[in-house]
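Read through the structure below, which is laid out as structure tokens, and then see the notes.
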Amino acid sequence: MEDAVAGMPERETKPAAGDLEVLEGVIERTVFHAPESRWTVLRAKVAGEVALVTLVGRSAGIEDGADFSAHGRWAVHATHGRQFAFEALKLRRPTTAAQIAARLRTYPGIKEVMAERIVKRFGTDTLDVLDREPRRLLEVTGLGDKTLASITEHHEQRQGPVVELENRLLELEVSPRLADALNQRYHDQAMAMLEHHPYRLARDVRGIGFQTADKIARALGVDLESNERVDAGLLHTLEKAQSDGHCALPPAQLLDDARKILRLPAPLLDAGIDRLINEGELIPRLRPPGSEPDELYFLRRFDEAEDNLVASLLELACTPREPWEVGELPEHLSPGQRRAVEAIASSGVAILTGGPGTGKSTVVANVIEVAKRAGAALLLAAPTGRAAKRLEQTTGESASTVHRLLEVRPDTGEFSYCANNPLPDGLVVIDESSMLDLELAEALITALTVNNRLLLVGDADQLPSVGPGNVLRDLIRAAEAGASSPIPVVRLDTIFRQQEGSTIVGNAYRVLHGQPLAPDEASRGSAGEFFFLRASDAERTHAKIVEMAAERIPSAFGFDRVSEIQVLCPMHKGQAGTEAFNRALQQAYTGEREGLDAPGPRGEGGRTFRLGDRVMQIRNDYERNVFNGDIGVVTRIVANAGMLTVNYDGHFATYGRNELGALRLAYAISIHKSQGSEFPAVLIPMLTEHHVMLRRNLLYTAITRARRLCVIVGDLRAIERAVRQADAALRWTGLAERTLALLEASAEAGVGVQALELD
DNA sequence: TAAAGCAG
């Protein structure tokens with residue numbers, strides 16, 4: 001996105017290596033103009049050329065008869081012959097009153113008389129008036145609102161400041177689409193900002209990041225060692241660290257990463273860090289004594305988010321409140337489950353964590369009963385649509401995504417419910433809270449008041465959130481470390497669901513505790529449930545998994561190969577990735593059947609869904625009641641109508657050909673996508689070529705998806721590597737430390753946390 | 001160096 005140069009002329013016309021030239025002349029006529037792509041073909045009179053010259057390139061529309069100057073190269077087109085491919089086309093601004101009047105006559109609704117009157121009123125400033133204060137045209141007698149509207153529209157489209165910006169961006173070899181954003185942000189200062197403060201753009205304008213700003217600056221010849229560039233590069237480094245889940249960086253890592261981006265010596269970067277700290281853009285935070293590293297640098301945004309989250313959470317947790325009457329709980333609840341229900345009945349905040357099958361939903365169901373008896377309203381939510389739907393199904397109460405609970409505004413990304421407009425009173429239950437990132441958790445928790453209670457439910461050992469932060473793990477760590485923590489944490493580890501003694505669960509626990517796997521002996525045959533098959537490379541892994549899925553597992557264990565067997569991959573690409581498995585298994589299972597082609601992105605096509613295929617929905621669809629991650633089977637295809645029906649566990653959804661982008665083949669899916677689902681039989685390729693993905697919680701998540709059979713195929717070294725990579729420390733955050741610090745401070749002061757000022 | 005959530 002940031003580097004979007006889509007639409008640059010060189011994509012359409014490969015210039016025959018001509019030199020960059022400037023061509024000037026007069027437009028004779030427009031041969032072709034596509035308004036949305038702005039692809040334009042013009043014929044023009046040029047001094048020194050006998051015949052009319054063909055000009056091609058991207059431009060806003062241009063009037064016939066206009067003076068132009070174009071930067072570009074001569075090229076020879078296979079069918080259209082010699083032409084001038086321009087990179088930038090500028091209308092030369094008319095300078096004399098007569099030229100301006102001539103230009104105005106080409107505007108819709110302006111005839112000769114009106115053009116004269118306008119020029120008489122504003123003289124050679126006319127075009128500037130049109131650019132900056134078009135309403136002044138109303139000063140001209142006989143010119144009303146309607147004409148004004150059509151003039152300004154036409155002017156902006158063909159001639160206004162946006163077009164000038166577009167042309168300048170084209171010259172700088174950056175996407176002209178950014179012109180609108182620039183104009184909206186800076187108005188008549190836009191050109192000046194672009195020319196003189198390109199790095200400001202990265203901070204101010206959505207859609208412009210450091211890379212684009214840097215490109216502009218280089219084209220402008222800005223000093224590569226300038227303070228502006230250094231500061232922008234440092235901030236960009238911290239922004240980028242987000243995508244690896246970090247809320248902050250250790251100083252050494254910030255320096256290291258920034259040096260790779262800026263390619264400047266360390267002293268310059270150190271000076272930049274000092275500047276940013278002085279400006280308050282970068283916040284250094286000391287970590288507890290003995291920590292390595294002893295300091296983290298936060299972007300202001302994340303520093304504030306962590307502070308706000310902790311302050312609101314502890315206010316919620318420390319405010320004394322009337323306990324709910326728990327009453328008689330069902331006999332079958334384990335001691336842990338009872339403790340969990342009692343915890344939230346007497347606290348403002350409680351955390352419930354445990355692996356799959358440990359009975360979290362039973363606790364939630366009982367908590368809801370207790371809350372209802374106490375007359376509390378219910379606000380149930382989860383970070384994903386699918387988890388919300390599941391929560392709804394298991395509780396029988398309505399639930400939504402956290403985004404919908406807070407009423408996100410899609411244009412701004414802001415939430416209607418916030419500290420100034422808090423959520424209604426009642427019990428808030430968040431399921432799958434391991435998927436809460438820092439900013440969503442902050443938004444949620446700051447939108448609560450002391451009239452809410454919050455129960456966070458989740459498996460802290462699963463994959464961390466997409467966004468930055470490790471919220472659930474951090475909060476658990478802080479709550480468990482504080483001697484008299486006001487936030488009770490209940491860990492469920494008793495296995496229900498007839499899994500006691502299961503080697504799948506046993507091995508999942510081994511992974512969690514960093515121990516080597518203990519697979520079943522293959523000789524025990526169908527009695528076992530957890531196997532490892534050695535395969536030396538991706539080809540052999542691929543072949544083994546296909547054979548296991550298509551033949552051996554169905555025949556030896558009786559599983560249905562389409563509906564009960566799931567291949568789970570660390571990655572999409574490669575022979576041991578989801579794409580290769582989906583191609584092979586589709587070919588094997590439904591290759592001969594009738595299918596429906598999904599129009600692929602940009603016509604590259606090639607995705608076909610066939611009758612009987614296992615498919616997954618990949619975005620939330622509230623109309624069809626199908627959610628991101630739902631898996632079903634294609635049960636009906638009407639090829640001539642372009643219709644396809646999927647059976648999602650008894651719920652049917654029909655798609656038109658143009659809606660097939662919401663579907664993907666699902667014989668194999670990524671481990672990330674499998675989070676929150678379980679399957680009777682699971683096949684997992686694990687190879688050293690997956691090394692970038694190999695983490696303890698990735699392997700744990702994959703194994704715990706299996707209910708009755710789990711087979712890992714690949715390289716033992718890859719498994720060992722995954723087991724060794726414990727993830728917790730790989731995300732830099734300060735949430736746990738801040739929570740602990742605030743708890744200690746309040747204990748020392750002997751007051752409730754709400755009375756403490758945060759610095 | 002790869003994977004992934006939400007919203008209309």
Side-chain angles (χ1 to χ4, degrees), chain A residues 206 240-246 253 256-257 260-261 381-391 399-417 430-444 447 458-459 462-472 538 568-574 576-580 616-624 626-630 659 661-662 664 668-677 684-702 705 718 721-722 725 727 730-731:
Chain A
R206 229 170 115 170
K240 232 176 48 143
Q242 263 189 86
S243 63
D244 292 327
H246 304 304
Q253 194 175 338
D256 228 44
D257 293 356
K260 283 179 199 136
I261 291 167
T384 69
R386 225 166 87 73
K389 185 172 79 172
R390 237 187 2 251
L391 186 57
S400 71
T401 63
V402 177
H403 283 85
R404 289 197 148 199
L405 178 71
L406 299 176
E407 294 185 359
V408 66
R409 304 218 185 102
D411 42 341
T412 58
E414 283 173 8
F415 296 103
S416 302
Y417 289 107
I430 306 295
D431 201 3
E432 297 284 1
S433 25
S434 60
M435 294 160 99
L436 284 177
D437 63 35
L438 172 61
E439 287 170 307
L440 189 59
E442 184 215 359
L444 171 73
D459 182 355
Q462 290 200 28
L463 298 167
S465 56
V466 171
N470 225 337
V471 175
L472 185 63
L568 294 180
C569 306
M571 299 192 196
H572 293 304
K573 300 280 176 207
T578 60
E579 291 168 11
M616 179 169 66
Q617 168 86 17
I618 57 165
R619 35 181 179 266
N620 292 342
D621 184 335
Y622 292 90
E623 245 168 62
R624 288 185 177 80
V626 180
F627 296 88
N628 190 353
D630 283 352
E659 296 161 331
R664 219 187 252 171
I669 64 176
S670 66
I671 297 172
H672 276 86
K673 273 277 184 204
S674 75
Q675 173 132 294
S677 305
I684 308 165
M686 278 277 145
L687 291 166
T688 45
E689 68 175 53
H690 298 137
H691 66 275
V692 286
M693 296 303 299
L694 298 180
R695 299 281 147 71
R696 186 178 288 182
N697 46 12
L698 187 85
L699 183 56
Y700 169 80
T701 301
R705 300 308 97 201
R721 186 178 185 130
Q725 287 291 348
D727 202 20
L730 294 181
R731 287 189 166 203

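Residue numbers start from 1 in every chain, and the chains themselves are labelled A, B, ... in the order their sequence lines are given, proteins ahead of strands.
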What closest approach, in Å, do A/R731 and A/P468 show between heavy atoms, and which atom pair accounts for it? NH1-C, 4.4 Å

If the condition is side chain to side chain contact (heavy atoms under 4.5 Å, CB included), which residues does A/D257 pass it with, not counting sequence neighbours? A/T237, A/L249, A/Q253, A/K260

Between A/L440 (CG) and B/dA7 (P), how many Å, whole number? 10 Å

If we ignore hydrogens and angles and just use 3.5 Å, is the side chain of A/R409 paired with the main-chain N or O of A/S416 as donor and acceptor? no

Treating primed atoms plus P, OP1 and OP2 as sugar-phosphate and everything else as base, which nucleotides of nucleotides 1-6 of chain B get B, S or - for protein heavy atoms under 4.0 Å? BBBBBB

Evaluate the ring planes of A/Y622 and A/F627, with Trp represented by its six-membered ring, and classify them as parallel (under 30°), tilted (30 to 60°) or perpendicular (over 60°). perpendicular

A/I671 to A/P570 - nearest heavy-atom pair and separation: CD1-N, 3.9 Å

